[in-house]
Amino acid sequence: MNIFSELKKSLIVALWFVFLTFPIMVIRVNTIEKIIEWRWRNMLIIAIGSFLVSLLWRYLLTRKQTQTDSQLEKRPLSQLIFEEPKVYKPILVLIGLFVVIFPFIFSSYQINIMTTALMYVMLGLGLNIVVGLAGLLDLGYVAFYAVGAYTYALINHHFGLGFWTILPVGALLAAFFGILLGFPVLRLRGDYLAIVTLGFGEIIRLILENWNEFSFGPSGIAHISRPGFMGINLNLNESIIYLYYLMIFFCLITIFVINRLQNSRIGRAWIALREDEVACQAMGIDKTKTKLTAFALGATWAGMVGVIFAAKTTFVNPASFTFLESAMILSIVVLGGMGSIVGVFIAAMILILTPEYLRAFSNYRMLLFGAVMVLMMVFRPQGIVPNVRRFYRFRRVTSNPGNLYDKSS
Amino acid sequence: MLELKNVETYYGNIKALKGISLFVGDGEIITLIGANGAGKSTTLMTICGITPARIGDILFEKKSIRSLEPNRIVSLGISQVPEGRRIFPLLTVAENLDMGAFLRNDRAEIQKDLDYVFTLFPILKKRIHQQGGTLSGGEQQMLAISRALMSKPRLLLLDEPSLGLAPLAVQQIFQMIQKINSENKTTILLVEQNAFMALKVAHRGYVMENGTITLEGPAVDLLKDERIKRAYLGL
Ligand SMILES: Nc1ncnc2c1ncn2[C@@H]1O[C@H](COP(=O)(O)OP(=O)(O)O)[C@@H](O)[C@H]1O
Ligand SMILES: [Mg+2]
């Protein structure tokens, strides 16, 4: 590469930044003494800083370029790990062990945070069905989460029914809302779908905020019961641990279901639909129904997590269901690698746990968040762990390559 | 088997089919030839219900299918190999074929049809776990035809299967089309720009221009027709 042209470009970038930030970084009007301060030192810092950052940026970009040229054939690390039982089995055992003993070595504060992170794992996996597999950009996912949470909160408040009774109700109701929204909306494509779902999310939140008689408005609903454990009354600490294990259990179920879905005919139909709608129609795949299934399934998951959320915090109000929440869940899916279960897991951990442990930076949270997303999209658009889809292989295939189905299954 | 009666199809306000009538008998190979933009693909899409007809009627085995959803039409026994193949590039050959059998659940029967398409195109069996996008053009066309056959159609609609293929591959595809027709009694409606090849394998043909049918008759007669010779055969 040409060093001089790179330097020149970086210099231009630096000058441009100096120009852009001049009014805010250099000039300061002191209204008390009625003088203007000129802070030239700031200008120098910005010039040098942006020059260096720009150089680094260019360097990384060119390196990425040459890398993709030379390493095109190389399989991703994640794939190598997953395909080698000798490697992934010990890792799985270690993770499993850690997960089981976690509550005994950490404080209830830590357990609580971990439970929250696991909830986001589940939300991410749910949204992953809609966005990652079916390719439908849903920006109002939090609405279904809210439906689940308020279902439990309201029924518990009015009728005193318990967690386990309401869990399926919340899930079904969310699915129902998913279908209700999906029907008119799924005919739309890409960006239109995103906008309509975004609107839907806001509508649900606004209804919850303003319909006082129904949802108790912004003040929300308090004193929601925690989940019971076979009729035994748990104290706060026990119930935190119980919820943690419950979340582990739900996550495992989710992973199991999604894994099955991914390798089922409907899962492949989602991928096919994402690739070519017309070809799918020619194959007799019902476009609307298939998309609706993904949408409703995703919503079901959000509804379930909603119920768990209400039970965990024992308090719900509309502030928990803003667009930011949808954006967070979507970021988990995108950051993790669309369609990838492990990726969603890691991304949820990073996005939920780091802000908790880096409270010192809480003012810059959104800034860091945005920067990380931009960097990700530029340098690793396929996500942390790109989705390694297990191909449609059946056990007998080696002996008879023409066999689509294993006769024993 | 299939009858189109004065069918008109629109894209928005643009009339793409201006009253098409054609008839496909049981077990026939019928070809629909015409220049680019004549409306051949639209005709097939209209039969499949993907771009529904606004006016006219479409009868399949004497029953109207005009207002049915595409998936219903496929389940009745009509299957299309769309123009440009349109296989699913990220799915493997096996998965592509399974998508063709989307509406079926009879595993034993599906397996039988799978074995059948592998006898037609043995190369696909070798490529079974390869992603569709990595196949060559000819192989992709074979996959597209096989995928359509996996729904066990009684009427197969083929849209320009020779498009972009090497002459040898074209030969092979046309041979297989004849074979599918004679072995299975699968009725075939073949859209082609390669009029010569199409008329060679077809029993009867229709010529389309600007959204209307201008000429029809037995393939042997059309091959001798002066107008066709000039316009489509380059003689
Ligand atoms: N999706 C579409 N939207 C609008 N116009 C279309 C569309 N597809 C085809 N057309 C128009 O319809 C006419 C017939 O096209 P088509 O059926 O593809 O022709 P052929 O297959 O004979 O080449 C053309 O004028 C084409 O421009
Ligand atoms: Mg065409």
Side-chain angles (χ1 to χ4, degrees), chain A residues 72-73 75 79 83 132-135 187 262-293 338-340 382 386-409, chain B residues 44-45 48-51 69-76 78-105 107-108 110-111 113-115 117-119 122 124-133 144 147-148 150-151 157 159:
Chain A
L72 214 61
E73 292 303 306
R75 284 185 307 166
Q79 191 171 352
E83 281 182 359
L133 293 181
R187 290 171 205 288
Q262 250 178 356
N263 296 299
S264 70
R265 201 180 246 178
I266 183 87
R268 289 190 295 275
W270 288 332
I271 297 170
L273 209 54
R274 209 174 59 192
E275 290 186 347
D276 194 330
E277 288 199 354
V278 172
C280 278
Q281 285 180 298
M283 296 298 98
I285 297 171
D286 188 334
K287 209 168 63 168
T288 320
K289 209 172 100 189
T290 310
K291 285 183 181 176
L292 210 55
T293 318
M338 302 262 251
S340 150
Q382 70 274 44
N387 183 17
V388 208
R389 216 161 48 76
R390 262 199 287 127
F391 287 128
Y392 190 27
R393 256 178 234 268
F394 286 84
R395 272 150 271 156
R396 288 248 309 268
V397 153
T398 36
S399 57
N400 177 7
N403 209 345
L404 253 192
Y405 299 102
D406 188 359
K407 294 257 167 49
S408 64
S409 67
Chain B
L44 295 194
M45 287 297 174
C48 287
I50 295 173
T51 51
E69 293 285 316
N71 54 311
R72 287 284 303 132
I73 293 173
V74 173
S75 72
L76 288 177
I78 299 181
S79 188
Q80 191 194 165
V81 182
E83 184 173 355
R85 311 186 250 283
R86 305 189 88 139
I87 54 155
F88 305 115
L90 293 181
L91 299 184
T92 63
V93 169
E95 290 169 336
N96 266 285
L97 292 173
D98 185 55
M99 283 295 109
F102 189 79
L103 294 174
R104 302 170 60 190
N105 279 315
R107 289 195 163 189
I110 294 176
Q111 184 62 51
D113 289 337
L114 191 71
D115 292 337
V117 300
F118 284 150
T119 57
L124 291 182
K125 192 166 175 171
K126 287 208 195 98
R127 304 259 185 273
I128 186 159
H129 294 306
Q130 212 168 308
Q131 277 177 313
R147 185 182 63 178
M150 289 303 288
S151 70
L157 311 175
D159 199 344

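The analysis underlying the following values was restricted to heavy atoms, covering all of them including side chains, and did not include hydrogens, waters or symmetry mates. Below, chain A is the first sequence line, B the second, and so on; all start at residue 1.
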Which bit of B/Arg85 comes within less than 4.5 Å of chain A, counting heavy atoms only: side chain, backbone, both or neither?
-> neither
Passing option when A/Arg268 is tested against B/Thr92, B/Asn96, B/Leu90, B/Asp98 for side-chain contact (heavy atoms from CB on, under 4.5 Å) | B/Asp98
Validation row: B/Phe88, A/Ile271 side chains within 4.5 angstrom (heavy atoms) | no
Rounded to the nearest 0.5 Å, how far apart are CD of B/Glu69 and CD of A/Gln281?
-> 8.5 Å
Residue among B/Pro82, B/Pro89, B/Cys48, B/Ser79 with most heavy-atom pairs under 4.5 Å to chain A | B/Pro89
Listed by chain and number, what are the side chain to side chain donor-acceptor pair (under 3.5 Å) partners of A/Arg274, not counting sequence neighbours?
-> none
Pairwise distance CD1(A/Ile266) to CZ(B/Phe102) - rounded to 0.5 angstrom | 5.0 Å
Indicate the atoms forming the closest heavy-atom contact of B/Gly100 with A/Met283, along with that distance.
-> CA-SD, 3.6 Å
Take atom CZ in B/Arg72; do more than 12 heavy atoms of anything else shown fall under 6.0 Å from it?
-> no
Which of the residues B/Leu103, B/Asn71, B/Val81 is involved in the greatest number of heavy-atom pairs with chain A at under 4.5 angstrom?
-> B/Asn71
Scored by heavy-atom pairs under 4.5 Å with chain B, the best of A/Ala272, A/Ala269, A/Cys280 is A/Ala272
Portion of B/Arg127 that has a non-hydrogen atom of chain A nearer than 4.5 angstrom = neither
Should A/Val278 and B/Met45 count as side-chain neighbours, where that means a heavy-atom distance under 4.5 Å?
-> yes
Report the residues that fulfil side chain to side chain donor-acceptor pair (under 3.5 Å) with A/Ser264, sequence neighbours left out, ordered by chain and then residue number.
-> none
Heavy-atom side-chain proximity of B/Met99 to A/Arg265 below 4.5 angstrom = yes
